[in-house]
Amino acid sequence: MADYSYPRLFASCQQIITQFFQRRPLVASATLGLGLAAIPIISHIVRSYRGFLALGPGGLPYNFLGWSMQAIAQPLARHDTRDSRPFADPRIFGRYAPHGRTAYLEDVPARRGERPEVPTYVAPQRQMNHHSDASRIEAMKRDLAGSVAPQAEVLTLAPSQLEGPKHQALWLGEAAEKPAYLAKSTRGEFAHVHPDGSSHLILSLADAETATAKGWAERHMLSGVLLPLNYVFVYAPRDEDELEVWQQFLAASISFNTASSEAACSHAS
């Protein structure tokens, strides 16, 4: 019977490797070099994948496929997401006309303290600290749902196609006039809340500039690429005062995205 003890097996493997290097020194050296070079790459992938899972489920599959999809999209992503200047670029005004430069916000203060930590995954976009508590997140969801009834002719609440069916989102209704920036990208979805209390809202260019410059928001990494430039990530409210500011953002988002429909209704009447 063959002896498969560890010392004998180790000695056998050592002999095979030694012979391989003696007979094929160039091939063996190249193989060893590639193996050593792959170690930090594999280590990075493992750390990145764990970080992706730590964000929680979002619009992408919650597995290695989802991580791979966001990694493939990295070359398209923008990393100047906290810069407010792109919103004031006259070259893009026409894409969001006629209401893109209208300001719907009033007297928004600067956000206190540092911005939260937002990892540079293309999706899902989440913050790692400064989260909202459960009661405020529920209040935000109620505000989202409660905004439909007063404008039921143009608004609807339905599962998000951007974050997945477990998340409810505000959409322009079937009878509403969908601006080009919505029809071609989000198909009418313009607001949803995340489990950490952060949210995505589509604001007017003027309001997105204000929200970003005053520390309340930043762009999505694909905003202006595959998503509207004014698709912004609004940080989670940490207290009641910040919840009131978020409610202003939500109202401004609704006003901006329904402006064309409201104008059409007024003209018809």
Is there side-chain contact between [X] and [Y], with at least one heavy-atom pair below 4.5 Å?
X      : Y      : value
Leu155 : Trp171 : no
Pro86  : Glu209 : no
Met221 : Thr81  : yes
Leu201 : Phe190 : no
Ser132 : Arg238 : no
Leu170 : Leu250 : yes
Phe233 : Pro116 : no
Ile254 : Tyr104 : no

If we ignore angles and hydrogens, is there a donor and acceptor under 3.5 Å between the side chains of [X] and [Y]?
X      : Y      : value
Gln70  : Gln74  : yes
His194 : Glu163 : yes
Glu189 : Ser160 : yes
Asp143 : Gln247 : yes

Can a donor-acceptor pair be found, under 3.5 Å and without considering hydrogens, that links the side chain of [X] to the backbone of [Y]?
X      : Y      : value
Thr210 : Ala206 : yes
Ser204 : Thr102 : yes
His167 : Gln161 : no
Arg219 : Asp83  : yes

Any link between [X] and [Y] through a network of hydrophobic side chains (Ile, Leu, Val, Met, Phe, Trp, Tyr) touching at under 4.5 Å?
X      : Y      : result
Leu60  : Leu227 : no
Val154 : Ile202 : yes
Val122 : Met69  : no
Met128 : Tyr121 : yes

Minimum heavy-atom distance between [X] and [Y], given as atom pair plus value:
X      : Y      : result
Val118 : Arg126 : CG1-O, 3.3 Å
Gly173 : Lys178 : O-NZ, 3.3 Å
Leu203 : Ala208 : CB-N, 3.9 Å
Trp216 : Val108 : NE1-CG1, 3.5 Å
Gly56  : Tyr62  : C-CE1, 3.5 Å
Tyr96  : Asn230 : CE2-OD1, 3.3 Å

Q) Per the side-chain hydrogen bond (donor to acceptor under 3.5 Å, both in side chains) rule, which among Gln127, His130, Arg115 passes with Tyr235? A)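 Testing each of Gln127, His130, Arg115 against Tyr235, the sole residue satisfying side-chain hydrogen bond (donor to acceptor under 3.5 Å, both in side chains) is Arg115.
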**Q.** Arg136: which of Glu242, Glu244, Glu240 passes salt bridge (charged side-chain N to carboxylate O under 4.0 Å, His left out)
**A.**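 Only one option passes, and that is Glu240.
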Is it the case that the ring center of [Y] lies less than 6.0 angstrom away from the ring center of [X]?
X      : Y      : value
Tyr181 : Phe256 : yes
Trp67  : Phe64  : yes
His200 : Tyr231 : yes

If you round to the nearest 0.5 Å, how far is [atom2] of [Y] from [atom1] of [X]?
X      : Y      : atom1 : atom2 : value
Phe52  : Tyr49  : CZ    : OH    : 7.5 Å
Ile45  : Arg50  : CD1   : CZ    : 13.0 Å
Lys184 : Leu182 : NZ    : CG    : 12.0 Å
Leu229 : Ser185 : CG    : OG    : 11.5 Å
Gln125 : Leu162 : CD    : CG    : 11.5 Å
Ser147 : Leu157 : OG    : CG    : 7.5 Å

Q.
If you count every heavy atom of other residues, nucleotides or ligands that lies below 6.0 Å from Lys141 atom NZ, does the total exceed 12?
A.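 Open.
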Q.
Tell me whether the count of non-hydrogen atoms from other residues, nucleotides or ligands lying under 6.0 Å of CZ in Arg82 goes above 12.
A.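 Check passes, neighbour count above 12.
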Q: Under the salt bridge (Lys or Arg N to Asp or Glu O under 4.0 Å) rule, what do Asp89 and Arg91 come out as? Steps first, then yes or no, please.
A: CA-CA 5 Å; Asp89 186 347; Arg91 293 174 296 179; 2.8 Å; yes
Q: Identify whether the distance between the nearest side-chain nitrogen and carboxylate oxygen of Asp80 and Arg78 falls below 4.0 Å.
A: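 No, this pair does not count.
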Q: Before accepting this row, confirm whether a basic side-chain N of the pair Asp239/Arg112 lies closer than 4.0 Å to the acidic partner's carboxylate O.
A: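 Judged by the 4.0 Å cut-off on N to carboxylate O distance, Asp239 and Arg112 do form a salt bridge.
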Q.
Determine whether Leu205 and Ile92 satisfy the following criterion, side chain to side chain contact (heavy atoms under 4.5 Å, CB included), listing intermediate values before the conclusion.
A. CA-CA 10 Å; Leu205 294 173; Ile92 57 96; 3.5 Å; yes
Q: Please report the C-alpha distance between Arg101 and Asp207 in whole Å, then the side-chain angles of each, then the deciding distance to 0.1 Å, and finally whether the salt bridge (Lys or Arg N to Asp or Glu O under 4.0 Å) criterion is met.
A: CA-CA 8 Å; Arg101 292 304 298 165; Asp207 289 342; over 6 Å; no
Q) Checking side chain to side chain contact (heavy atoms under 4.5 Å, CB included) for the pair His99/Asn257: CA distance, chi angles, key distance, verdict? A) CA-CA 9 Å; His99 307 289; Asn257 289 289; over 6 Å; no
